[in-house]
Number of protein chains: 2
Amino acid sequence: MVTHSGSKSVTVHDVARVAGVSKSTVSLVLTGSKKVSDTAKLKVEKAIDETGYVYNRDAASMRSRKSNLVAIVINDLTNPYSAQLAVGLEQQIRKMGLFSMLVNSGEDVETQNQLVRNLKEYNVAAFIMCPAPGTTAEWTNQLVDQGFPVVNIMREISGAKVATVLPDNFAGTNMATQHMLARGYRKIAFLGGRETISDYHQRLAGFTEAMVLANVPFSNQLCIQSDTNRNGGRQAMTTALEIEPELEAVVCFSDVVAYGAMEQMKLAGKIPGKDIAIVGFDDLEDSRLMTPALSTVHVDANKIGIAVCHILSNIKDGSRNKILVAVDLVVRESS
Amino acid sequence: MVTHSGSKSVTVHDVARVAGVSKSTVSLVLTGSKKVSDTAKLKVEKAIDETGYVYNRDAASMRSRKSNLVAIVINDLTNPYSAQLAVGLEQQIRKMGLFSMLVNSGEDVETQNQLVRNLKEYNVAAFIMCPAPGTTAEWTNQLVDQGFPVVNIMREISGAKVATVLPDNFAGTNMATQHMLARGYRKIAFLGGRETISDYHQRLAGFTEAMVLANVPFSNQLCIQSDTNRNGGRQAMTTALEIEPELEAVVCFSDVVAYGAMEQMKLAGKIPGKDIAIVGFDDLEDSRLMTPALSTVHVDANKIGIAVCHILSNIKDGSRNKILVAVDLVVRESS
DNA sequence: ATACAACTTTGGAACGTTCCAATTGCGTAT
DNA sequence: ATACGCAATTGGAACGTTCCAAAGTTGTAT
C-alpha cells in the first residue's frame, strides 16, 4: 500500500479559479462536451497548462460510473505469439480512445481468478481474456452476469455466454495440409498441441479433413500431442520418427512447436524442407529468419485486435457471437 | 468511454446494515485494521459474502490518496527477455501485496510519454520503467519531482535522479570473455547491441577489459553493432566473418543476437560450438534447447524483481541508488 | 461503588469529479 | 419595449470510501 504522489494536488477548482469560470465548465471541457463556448474552452485549456493540472480518473470514474480502462488477461506472456497478440490488442484499444492494461495469468486458473477479482475492484470497463486452461463456462458466465463486458480470444469455452474471437484454425491447418498434399507428400504427421485446449481440436480437424478428402490414409498415431513449446516440438518429432521413419511432412500446431521439431529433425540427420517438409502456425517474426525459413499459417494480431474492438464497441450483454479471423498460408523454404 | 458494470452496486453501507455494524467498522475490516474485535470482523466478513460486495478502489484511492497499483512500462514485450522480465516483476510485485499492470512502449519514446501521462491520471503508486531509447534525464526527473516513485530497470539514464536496477553487465561479458580465452581462443568478436543503449557500453567494456588484461590484441572492427534481434545477429556475424574469416569465438550482446549469429554461422558452413564458439547474454528458456545448447550469461528475472521491490518498499524521493544484480555464466555445448 | 485507562465503535466530513436542475446571457420575433 | 427560445454557465448534491474526533464499552485498581 504505497503512498501516492506527494503534494496537495491541483483540482478542477483551482483550474476554474485561474480560468475565471466555474468548476462545472472546466468539467465540461475535460469531458469534451459540445456545449461549451470556444472562448471558455480556450481559457480553461490555458489554465490547465499554467497550473499543471492532472485529471483524476479515480474521482471521475467513481462519480460517473464509467471507465475507459480495459484489462487484457493473457495466458502466457513468455509465449511469443501471445506477446505479439497482446501488443496488437493494446494498439487497437488505444486507437479506440481506451486505455489498456496487461496482466499475465501464466496459464494458471487460480492466478487468473485472483487477477480478475482484483481487476473488478479497479472498475475496469471490459475484460479481454485468453482464458487459462481449466477456465469454466460457469466462471465466465458469472463474470458476464455481474455486468462486465467480456471478450474471449484464441480459446473457446463451450457454454460460455461471451463473444469470442478466434483465428480460423480449421482453415489454417486445412490449407497447410492441402499444400503438403499438393506437393505430393503422403506420409504426414500432425505435431503438438493438447486436447485440453479448444483450438487443438479445430486445428486437428483441419488436418484430418484435408487428409480424408484427399483419400490419403493416415493413422491417429501420427497425430502426436505435446506441450506447445520448443521442447514439446522436439519430443513430438522424436515420437513421429519412431512411428514412421519414412515421414515426408509435418504440420505443426504452432511455430514454436515447429522450431522444436526442426531442431530434432536435424539431430536425426534429416534436413527440414528437404528430407521432411514442415509447416507451422502463427507466423512469428522469427519464422522467416529460420534456416530454412519456416512456411506457416499467418495470423494477423492486428486483425484480431480490430475484431475485438469491434465487438467491444457494440457489446450488449448476452451477445455470444463468434468471429473467425481469416488466416493466410505463407509458403517459404521449409515446404 | 465504455459504460461500467450495470446494476447499482453494493457498498459498505449495505454490508454494514447486513452485518449490524457501522460503515466505519466495515472499512476497518476492509483495510485490515488491528483495532477491530474478532466478532465484528466475523460478522462483516459474513455480510461481505452474503451481499457479494466488491471493494471500490477508485473511491478508496481517492479518499485515502493511496494506491497499490504499480505500472510496469516495458520497452518491447515482443522481446523474449523483456517478456520474461515483465513476468518476473509482476510476480514479485504481487507478492508484496501490490497489484501490477503492464504497458508496452514499443521502444517509442512518444508512446512512452503518452502512456505515462495516462498512467498518472490513474493514480499509480509507482513506475517501473525500462526506458525507451531517447528517454531524457529531464523527463525522468520531472516525473520524480511530481512525486512519483520511479525505478528504472535494465537501462541507465545518466543524470536521472532515480534508482536503477541492472544486471551486472560488465561482469557478465567479462566472465564470458575470460571463459573463451581460457578455452584458448584468441580471435574473438563482440557482436550486437547499439551505442544508444546504456547497457551496450557496460557489456562491451566487460569484453574489452578481459581481452586487454589477457594481453590479447583485438580490433574495434570486431566489435560489431547491430539491432538486438535475430536479424541483427545474422548481419553482425556476416560482417565478422568478412573481417576475420578465421574467427574462433564470438561473445554476443544477447541470446537473441546469438541465435541469429548461430544461424548465419551455419549458413557460412561453420558449426557453432565446434568451428566457432559462441556465448550469449540473458539465458532465455530457448537457449538450452538450441543445437548446440547455447552457453550464456544467466540473468535471473526474479532477482531483478526482488531488487526492484526492495527499492520500492523503502523509497524516499531523491534516492538514486543503483543496484547491480549478480549474473552467472552458464556453460553449455556452444563453447 | 467510582475512577481511569485501554480498547472498540461510530457518525459526519472530506477526497475530486460529474450530474442535475436552475440561472444567466443573448439574439430574434412580437 | 417585451417576451421567447436557445445556448452557455453555474452551484449544490452525489458517487463510495477513509479519516477524524468523539463516544461507547470493557476491565481493573482504588
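- Taking the side chain of A:Val36 as heavy atoms from C-beta on, and the options C:dT18, C:dT9, D:dT9, the nearest nucleotide is D:dT9.
- Here the nucleotide nearest the side chain of B:Ser64, chosen from C:dT18, C:dT8, D:dT18, is D:dT18.
- With hydrogens and angles ignored, the 3.5 Å screen pairs a side-chain donor or acceptor of B:Asn141 with a backbone N or O of B:Lys161.
- Side chain of B:Asp58 to backbone of A:Ser61: no donor-acceptor contact under 3.5 angstrom is found.
- Residue B:Tyr122 contributes atom OH, which lies 16 Å from atom C1' of C:dG16 at whole-angstrom precision.
- Taking atom CG of B:Asn56 as the reference point, atom C1' of D:dG16 lies 6 Å away to the nearest angstrom.
- Distance, A:Leu42 CG to D:dT9 P: 12 Å, rounded to whole Å.
- Taking 4.0 Å as the cut-off between side-chain N and carboxylate O, B:Glu121 and B:Arg117 do not count as a salt-bridged pair.
- Annotation: the span from A:Arg94 atom CZ to B:Gln114 atom CD amounts to 8.5 Å, rounded to 0.5 Å.
- If you take CG of B:Asp38 and P of C:dC7, they are 14 Å apart, rounded to a whole angstrom.
- A:Thr11 comes within contact range of the sugar-phosphate backbone alone, with a heavy-atom separation under 4.0 Å but no base atom that close.
- The C1' atoms of five pairs define one axis at each end of the helix from C:dA1-D:dT30 to C:dT30-D:dA1, and these two axes lie 60° apart (to 10°).
- Rounded to whole angstrom, the span from the CZ atom of B:Arg63 across to the C1' atom of D:dT18 amounts to 5 Å.
- Listed by residue number, the members of residues 12-23 of chain A with any heavy atom below 4.0 angstrom from DNA chain C are A:Val12, A:His13, A:Lys23.
- For the OP1/OP2 pair of D:dC15 and a distance below 4.0 Å, the side-chain nitrogens and oxygens of A:Ser61 include no atom meeting the criterion.
- At D:dG16, one or more side-chain N or O atoms of B:Ser9 fall inside 4.0 Å of OP1 or OP2 (strictly under the cut-off).
- Salt-bridge annotation for A:Lys46 and A:Asp49: absent, with no side-chain N of the basic residue lying under 4.0 Å from a carboxylate O of the acidic one.
- Residue contacts shown for A:Ser24 include a base, since a base heavy atom lies under 4.0 Å away.
- In this structure a side-chain-to-backbone donor-acceptor pair under 3.5 Å is present from B:Ser67 to B:Asn123.
- At whole-Å resolution of the value, OH in A:Tyr55 and P in C:dC15 are 19 Å apart.
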Practice task
Take A:Lys41 and A:Asp38 through the salt bridge (charged side-chain N to carboxylate O under 4.0 Å, His left out) test and state the conclusion after the steps.
Solution key: CA-CA 5 Å; A:Lys41 192 172 173 183; A:Asp38 290 347; 5.9 Å; no

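- Checking the phosphate oxygens (OP1, OP2) of D:dG16, a side-chain nitrogen or oxygen of A:Arg65 falls inside 4.0 Å.
- Judged by distance alone, with hydrogens and angles left aside, the side-chain atoms of B:Asn104 form a donor-acceptor pair with the main-chain N or O of B:Leu77 at under 3.5 Å.
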Practice task
Given side chain to side chain contact (heavy atoms under 4.5 Å, CB included), test B:Val103 with B:Asn118 step by step and report yes or no.
Solution key: CA-CA 11 Å; B:Val103 295; B:Asn118 278 303; over 6 Å; no

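- Summarising the geometry, the separation between NZ on B:Lys35 and P on D:dA21 is reported as 12 Å, rounded to the nearest angstrom.
- A distance-only check finds a donor-acceptor pair linking the side chain of A:Ser198 to the backbone of A:Glu156 [under 3.5 Å].
- At least one donor-acceptor pair closer than 3.5 Å links the side chain of A:Arg155 to the backbone N or O of A:Pro131.
- The 5' end of DNA chain C is approached more closely, in terms of each residue's nearest nucleotide, by B:Thr39 than by the other of A:Met62 and B:Thr39.
- DNA chain C is contacted by B:Thr25, B:Leu28 of residues 25-32 of chain B, taking any non-hydrogen atom closer than 4.0 Å.
- Of the two residues contacting DNA chain C, namely B:Ser37 and B:Ala59, the nearest-nucleotide position lying further toward the 5' end is that of B:Ser37.
- Atom CD1 in A:Ile48 sits about 10 Å away from atom P in C:dT17, given to the nearest Å.
- A donor-acceptor pair is defined here as one N or O able to donate and one able to accept, closer than 3.5 Å; no such pair exists between the side chain of A:Ser27 and the backbone of A:Lys23.
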